[in-house]
Amino acid sequence: MNTITDNQVIETLQKLHQAAKDDHVSRSQQKQKAAEQGIAFNRSWATAYMAVSPEQGDFLHFLVTVSKAKTIVEFGCSFGISTIYLAAAARDNKGSVITTDLEPNKVAGARKNIDDAGLGDTVTILQGNATQTLSSVDGFIDFLFLDGAKELYLPVLQMLQPKLSKGAIIVADNADHEGARSFVEHLLHAQSEYTSVQLFENRMLAACVK
Ligand SMILES: C[S@@+](CC[C@H](N)C(=O)[O-])C[C@H]1O[C@@H](n2cnc3c(N)ncnc32)[C@H](O)[C@@H]1O
């Protein structure tokens, strides 16, 4: 099976990437206008997509596929774009994805989008703070994608670390952000525990549990 080539998946991803792009352009214009008027820009992260690019999505799909990961955990699904890439590979591996987001409207949007892609039975979405929702994950984790609040990358990794299987892959987006610094330094220094690589001009960090 190659779920990522399924028409339902392709069409849903195309539609969502376009919506994410439009959202980004509109926010940039609002930000510029606010700066010109000397007023504060309301970021309203609760509705922003802030999604992975198609190339990063393909990379996540590739890694889940080649690693044959079955239990995939994601921190920060937003409207479900990255989750669809992860879930398409998870389905082919006969695995599943557990994801989480703070924002109820994003959880509802992600659920609809994942259903539109035909992947609803492969994904569990938990609404709430990842430090709580992901603490209930059962069994071993084969793949961990971190894409929520950067300051929580290290605490979430440390919380889930005992559940990571040998050979588990960890990928973090926005690893070049200041908030992710302690996480990046932790992984790059713990060379006896992880093999790590920085990618996409340091925006992504991928690591593998030794
Ligand atoms: C960069 S976006 C995720 C984008 C998504 N992975 C994608 O590619 O489509 C980050 C998301 O993390 C969520 N988030 C931030 N802090 C969180 C927390 N403590 N627990 C759960 N979700 C959180 C935000 O609501 C936001 O939707």
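Keep in mind that this is a model prediction, so the values were computed, not measured. Counting starts at 1 for both ligands and their atoms, following the listed order. Sequential numbering from 1 along the given sequence is applied to the chain's residues.
A donor atom on one side chain and an acceptor atom on the other are not found under 3.5 Å apart for T12 and D116.
Counting only heavy atoms of the protein, atom 10 (C) of ligand 1 lies nearest to D147 O, 2.9 Å. Nearest to atom 22 (N) of ligand 1 among the protein's heavy atoms is L102 N, 3.1 Å.
Geometrically, ligand 1 and K150 share no nitrogen or oxygen pair separated by less than 3.5 Å. For V52, a nitrogen or oxygen atom sits less than 3.5 Å from a nitrogen or oxygen atom of ligand 1, counting backbone and side chain alike. For the pair G148 and ligand 1, the shortest N or O to N or O distance does not fall below 3.5 Å. Note: an N/O pair closer than 3.5 Å links D101 and ligand 1 by distance alone. Close N/O approach between E103 and ligand 1 is not found [any backbone or side-chain N/O within under 3.5 Å]. At least one N or O atom of G76, backbone or side chain, sits closer than 3.5 Å to an N or O atom of ligand 1. Between K106 and ligand 1, at least one pair of N/O atoms sits closer than 3.5 Å.
Distances below 4.0 Å separate heavy atoms of A149 from the following atoms of ligand 1: 15 (C), 16 (N).
At a heavy-atom distance under 4.0 Å, only side-chain atoms of F75, from C-beta outward, approach ligand 1. At a heavy-atom cutoff of 4.0 Å, ligand 1 is contacted by no atom of D173, backbone or side chain. The residue A48 has no part lying near ligand 1, judged by heavy-atom distances below 4.0 Å.
The pair D142-K68 fails the salt-bridge criterion, with no side-chain N (NZ, NE, NH1 or NH2) lying under 4.0 Å from an Asp/Glu carboxylate O. Using a 4.0 Å cut-off between charged side-chain N and carboxylate O, R111 and D115 make no salt bridge.
Distance alone, capped at 3.5 Å, places no donor-acceptor pair between the D147 side chain and the D173 backbone.
For F200 and F59, the ring centers sit closer than 6.0 Å to each other.
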